[in-house]
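Structure, as structure tokens:
A note on names: the letters A, B, ... follow the listed sequences, proteins ahead of strands, and every chain is numbered from 1. Quick caveat, the model's predicted, so the values are computed rather than measured.
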Amino acid sequence: MQLSPQLAKRFESLENRYPVKRSALIPMLIYAQDEYGYVSDDMVDEIARRLGLNNVQVEETLAYYSMLRRKPMGKHHVQVCTNVACMLRGGYDILERAKRRLEIGHKETTKDGVFSLEEVECIGACTGAPAMQVNYDYYEDLTPYKFDRILEDLDAGRKSPPVPVITGALHPRHPLETPLISKRWGIPNSRSIDVYLQHDGYKALEKALKQMTPETIIDEVKKSSLRGRGGAGFPTGMKWSFVPKDSPKPKYVICNADESEPGTCKDRPLLEMDPHQLIEGMIIAGRAIGSHRGFIYIRGEYRYVLDIVDAAIAEAYARGYLGKNILGSGFDYDLLIHTGAGAYECGEESALMESLEGKRGYPRIKPPFPAVVGLYGCPTIINNVETLSSVPHIILEGGESYANRGTPKNGGTRMVCVSGHVNKPGIYEVPLGFNMKRFIEEVAGGIPGGRKLKAVIPGGSSCPLLKPEEIDIPMDYDSVAKAGSMLGSGGMVVVDDSTCMVDLARRIMHFYAHESCGWCIPCREGTTWLRKMLERFHAGDGRPEDIDMVGELARNMLGKTFCPLGDAAAMPTISIITKWRHEFEEHLNGRCAYKQAESLAGAR
Amino acid sequence: MAEQTTEQKLVTLKINDREVQVAPGTLVIEATRRIGTEVPSFCYYPGLSLQAACRMCLVEVEKMPKLQTACTLVATEGMVVRTDSETVRQARKAMLEFLLANHPLDCPVCDKGGECELQDMVFRYGADTSRFVEEKLHRPEEKWSDLVYYDAPRCILCFRCVRVCDEGMDVKALGVGMRGVNSIITPNRGDHLECEECGMCIDICPVGALTSGAYRYKTRPWEMQYVSTVCTHCSNGCKTTLSVRNHEILRANNRDLSGINKDFLCVKGRFGFDFTSHPERIRQPLLRKDGKLYPVSWEEAATAAATRLKQVFDSAGPDSIGFIGSNRTSNEENYLLQRLARASFGTNNIDHHRTADYAGLLSALGEDAASKQLTMGDLENAQSVLLIGNDPTDQNPLVAWQIRSAIRHNGARLYILNSSEIRLKRKATQFVKLLPRQEAAAVRWLATGQEPLPTDIVTALTSLKAALEAETDLAIVFGSELSGAAITQLAAFASKLSARVRFMALGDYANSRGAADMGLLPDRFPGYAHLDDRAAHGSFEKLWDAKIPSKPGLTAPEMVEAAQSGKLKALYVVGANPLLHFGKRDGSRGSLGLLIVHELFLTETAQQADIVFPAAGAYEKDGTVTNTSGELQLLHKAAEVMGPRSDFDLLRILSHQLEKLGLGKAFHYRGSEAVFDEIRKTVKGYDVPRAGLATGGAEQSRISISRNGHAPYDVPANLIRTAQDTLFTSGTLGRYCTMMQSLPESEPKP
């Protein structure tokens, strides 16, 4: 197949980038699609040939990722998010407006081939909800009016400027905030290496390389009580110490930048405004475990962010912070950024590694854990963006000092992105252990419009929901767990009393059914059948026995699925059906008592 | 595996209060099976990679907070497992409810009904009512090939098919498409399959998602009888279970995983049975009158055959008659045919189409032959394999499967010497590319180091030799490229290696090895005794009450040439097509005076015969066969075809007719078992335990040869000829396997 010169060049560089060729598959597919609008039969053959795969292997991977497609879509692919954070702020109204204006439905294309529409899952713009993407451009804080203007511009061959950085990050600092890893946000051109260097940049690296040994680095991180910021909260230092020192295999560091937990958008600003902080953290992590190669796996939707980080990586190479003999220490480290293509499951560490190897994002059987058998079968540590971004600070100020910022066993600060029904949705940095109630009322500005708080999703839609009387707790891993939920990803969604909890349960399950990878039976079937039941129930066709059955099916998934996705779907559902059971009972009289219900039913 | 590691310390665990000892590394699911406790599973399949996807095998383990999948959990010392608690039962029921949520309940019209693992599990563990009211996801059924149909809604996504196609077959024709609840299995050509059509995916499917185009909608499983026998196509001797209704074979598979091939069958084994009911089967004896073949009565044909043979015998002497036997008929039939030639007619003009030099191998190994032969099971457990010539993927599918299994399960090294880039190359540790017909020279180089070969090949062979010298266990497998002296040299080379070496010669056709073992050779008695071996000669003369010449007879190609030129007056052919295989002059019978043929179909040879006897195929008779690795198995009669008779019957009838005319002794064997009894006495190494055979197993024959000062067996070049069969051909018989022949993949590749 004849490729354009730029695509041919890109393919060649991708083919030679990875330790194993097949890893180039997803990037090749997505860049090919960017150019042609879809992946054609010929392109499948071409990529298969270049990577030495058979067509089935290419098709399998292609079919898994929701951003990849085998048929052309419109020139402007309008992707409207209706996931919880957007839904609470009118995401369905935007979708409705889009459908009416374009006269097409979900995954349809206008006759002239100019526009296509897709209702998408969380795109990581929760603090700017409701949001959408047109191709890779982000448009946030939408109203139907604003939506019309954006489309009018496109009709006229112009482009409304997309958001330069995520909405909700560059707000005036609240006095209760303790900016550490977000401290450079707002400094002009904070993403450039020069600005970074002016603000303590790469000092931690110098210290780690020149004054510390791998053992002392790990010790500092252990002392810092840093726990994984992706959601599970596993102690980072301990994870690093699991990497076998004597393994003859290469070791890898992966940064999980596949931020896709609904309600979560705190890695995006860390990547777009302070990429060098992450790069520095990754090099230090590499030094700690004896790795000489790192990968940043970033979700496919964050394309502009990828380009920013990629430019930062190039800068770091140019200045000698990456590559051979870093700072004259004799330590070598290579880093590359890798794009996903639309799959929540790839945020699960082992599924991410499968995906990085160019395969379907199926999770792996554990044990063995990645620290022993990870990427390409080699020892690998995988950490979240926020976790790795914290590492330079731990090295610079010392583990103990960092730990003291938080509460015992919950060291440091935490990025919290709060969305939904608050006056000031945004991304804030507070010490671990900050009171949740106070956070919502003071930092996030409380509930707008005189409404009352009904529920809080503490850290992404996988967490059990908390009732207003349950939120007077410190936001640290252990306290939130004690309250029956999870600190999770930091993606807090606040729900006021205008919200139908049945509808919320429905939307949450809609997400997990869409994102279930299909590997194991309870998750694959459970999420879909629960989605169908909740849709029917919310539409007014519920039966009394359905209420118990929803809880029972969710419990039948809980703890029995292959990976945590099944639990993630079950836990919020169980909490909603238990804590707001009366709302389900009220639905049995035939219609939803909340106003949005009509438009929601219509939206489907 | 577990048996091999018994020397290691065993692990003791408790399953449902019962103590079980297992080898370290044993999975809990295997440990439960050891004590007869059933833990249900769909995705777990021994020999394939672990999935933990179906979640059916969840068990409770003390000190573990969540239920664990027994299929991935390794048994450890002191582990306490419960498979029967209320929690576990509830979980199973829940998994089945999820599975059935989208699974169509079309069991009454589903081919799998009655032998469906899902049906069985719901019967045992499932809920009796469905609680879901939403619509199920529907998709139309897809036809992937004439033999493979896919019904997506029935698919439970256990991925067995995908794994067996990739890991087992190394074909990778199946993949997974879509995601989540929309996931489906997809064929490699978008909407259809292009593959080996082995049908492994169909048989491994626990439900009715993948069904067989050959079998679907024909019957219900409980309406059939199941007869286990041996595949009649290639020489690997796979056990196949024929499903029979009203005497007709409707299906072939091997679902009980018994036999040397366990569940493996190739396209021939699984779909190559329809020749039995082919309309062109010869169903009556045929007699040539006025240049044309006419159906005649059995009596007329038998009398004519005996009379005319007697005439030739009387007028031209015993050596004017030649016998060419079959490499598909049973050992007993082969034995009888050579007895007929040697004892009734007094000639050693008896041979068959030789596709591997078994005599050469056995004589090269001599007294040690019994212990140096490699069985199919040994091959699977080999630590390293040296493959010389042949393309097992195409010609010896089970051998290829066993080699792949050895690599997959034991990390075995595969070394290949071949003149083509055969498919096993991609599994090879080292592949030495030779020029065509250079295999023997390469072996001579290995044995002597003194053979003029191109430098690059010498370099490759040098490193190969070093690698082989480092091995401790080596399986040598070779094709028809090596015969006679080359095999002797190979054995000599192997004897210098420190490894334990065992050998397998690869022939074609189901009973090539049996034909050779039974003495369908012009220069050897059954069991390869020399014609001038006094003891053997004497005992056969005594046993058959006949005078047997000790002068070697003609080989099959020589007989055909002599027949065509008129030097041979009569040719008696059983289940072979020698005029096609060896004949010159357009394969015509030339000046041959009398041609008698036993056949299933009017082959090129049968068409020219004077008398044709309709013969039964292997699936229509009892007896024993020996596969290429020397393993004996029982044939069981499955189908009944009106008209044809077994070669055993035909030879017995002829012997009686001849006796009436004063030629030889009539055969008084009551059945093929009686012949086998005699073989067990006369052929050293064939006195295998009967119990193993009777229970559907294979028993290795243990022939060994005392050379008694004779030179190693050698054969002229070109006497050993491969049949050039592929996965989709099977000599003359393959032409009548309609299902196989209709596949696009069976078209010869350019």
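Applying the side chain to side chain contact (heavy atoms under 4.5 Å, CB included) test between B/V181 and each of A/R531, A/H514, A/E525 identifies A/E525 as the sole match.
Between chain B and the options A/S516, A/P367, A/C523, A/A343, the largest number of non-hydrogen pairs under 4.5 Å is found for A/S516. Between chain A and the residues B/T186, B/V133, B/N188, B/L58, the most heavy-atom pairs under 4.5 angstrom are made by B/V133. Among A/N54, A/D546, A/N55, the residue with the largest count of heavy-atom pairs under 4.5 Å with chain B is A/N54. Ranked by heavy-atom pairs under 4.5 Å with chain A, the first of B/G175, B/A173, B/A53, B/C54 is B/A53. Between chain A and the options B/L137, B/T72, B/L99, the largest number of non-hydrogen pairs under 4.5 Å is found for B/L99. Ranking A/Q57, A/E552, A/E59, A/M557 against chain B, the residue ahead of the rest is A/E552, based on heavy-atom pairs under 4.5 Å.
Neither the backbone nor the side chain of A/T61 comes within less than 4.5 Å of any heavy atom of chain B. Contacts of A/E545 with chain B are absent, with no heavy-atom separation under 4.5 Å from either backbone or side chain. Only the side chain of A/Y362 comes within less than 4.5 Å of a heavy atom in chain B; its backbone stays farther off. Contact of B/R55 with chain A is made through the side chain alone, with heavy-atom distances under 4.5 Å. With a threshold of 4.5 angstrom between heavy atoms, A/E345 does not approach chain B through any atom at all. Proximity to chain B is absent for every atom of A/R364, based on heavy atoms less than 4.5 angstrom apart. Residue B/L157 touches chain A through both its backbone and its side chain, counting heavy-atom pairs closer than 4.5 Å. Using a 4.5 Å cut-off between heavy atoms, A/R543 contacts chain B through its side chain alone, with no backbone atom that close. In this structure, chain B has heavy atoms under 4.5 Å from both the backbone and the side chain of A/L553.
Shown here for A/F562 and B/Q51, the closest heavy-atom pair between the two residues is CE1-O, 3.1 Å. Between B/K66 and A/G559, the closest heavy-atom pair is CD-O, 3.5 Å. Nearest heavy atoms, B/L50 versus A/I365: O-CD1, 3.5 Å. The two atoms that bring B/M95 and A/K560 nearest to each other are CE-CD, 3.6 Å, heavy atoms only.
Judged by distance alone, the side chain of A/R524 and the main-chain N or O of B/S183 form no donor-acceptor pair under 3.5 Å.
Under the 30°/60° scheme for interplanar angles, the aromatic rings of B/F159 and A/W519 are found to lie parallel.
For the pair A/W529/B/K136, a side-chain contact is recorded, criterion being any heavy-atom separation below 4.5 Å from C-beta on. In this structure, A/N556 and B/Q90 have side chains that are in contact, with non-hydrogen atoms separated by less than 4.5 Å.
Counting non-hydrogen atoms of other residues, nucleotides and ligands closer than 6.0 Å to CD of B/E135 gives a total of 12 or fewer. Within a 6.0 Å radius of NZ in A/K366, other residues, nucleotides and ligands contribute more than 12 heavy atoms. Other residues, nucleotides and ligands place more than 12 heavy atoms under 6.0 Å from the NZ atom of B/K172.
Atom OG1 of A/T528 and atom CD of B/E134 lie 11.0 Å apart (nearest 0.5 Å). The distance from the CZ atom of B/F132 to the CG atom of A/L530 is 7.5 Å, given to the nearest 0.5 Å. Rounding to the nearest 0.5 angstrom, the gap separating the CD1 atom in A/I521 from the CG atom in B/L100 is 10.0 Å.
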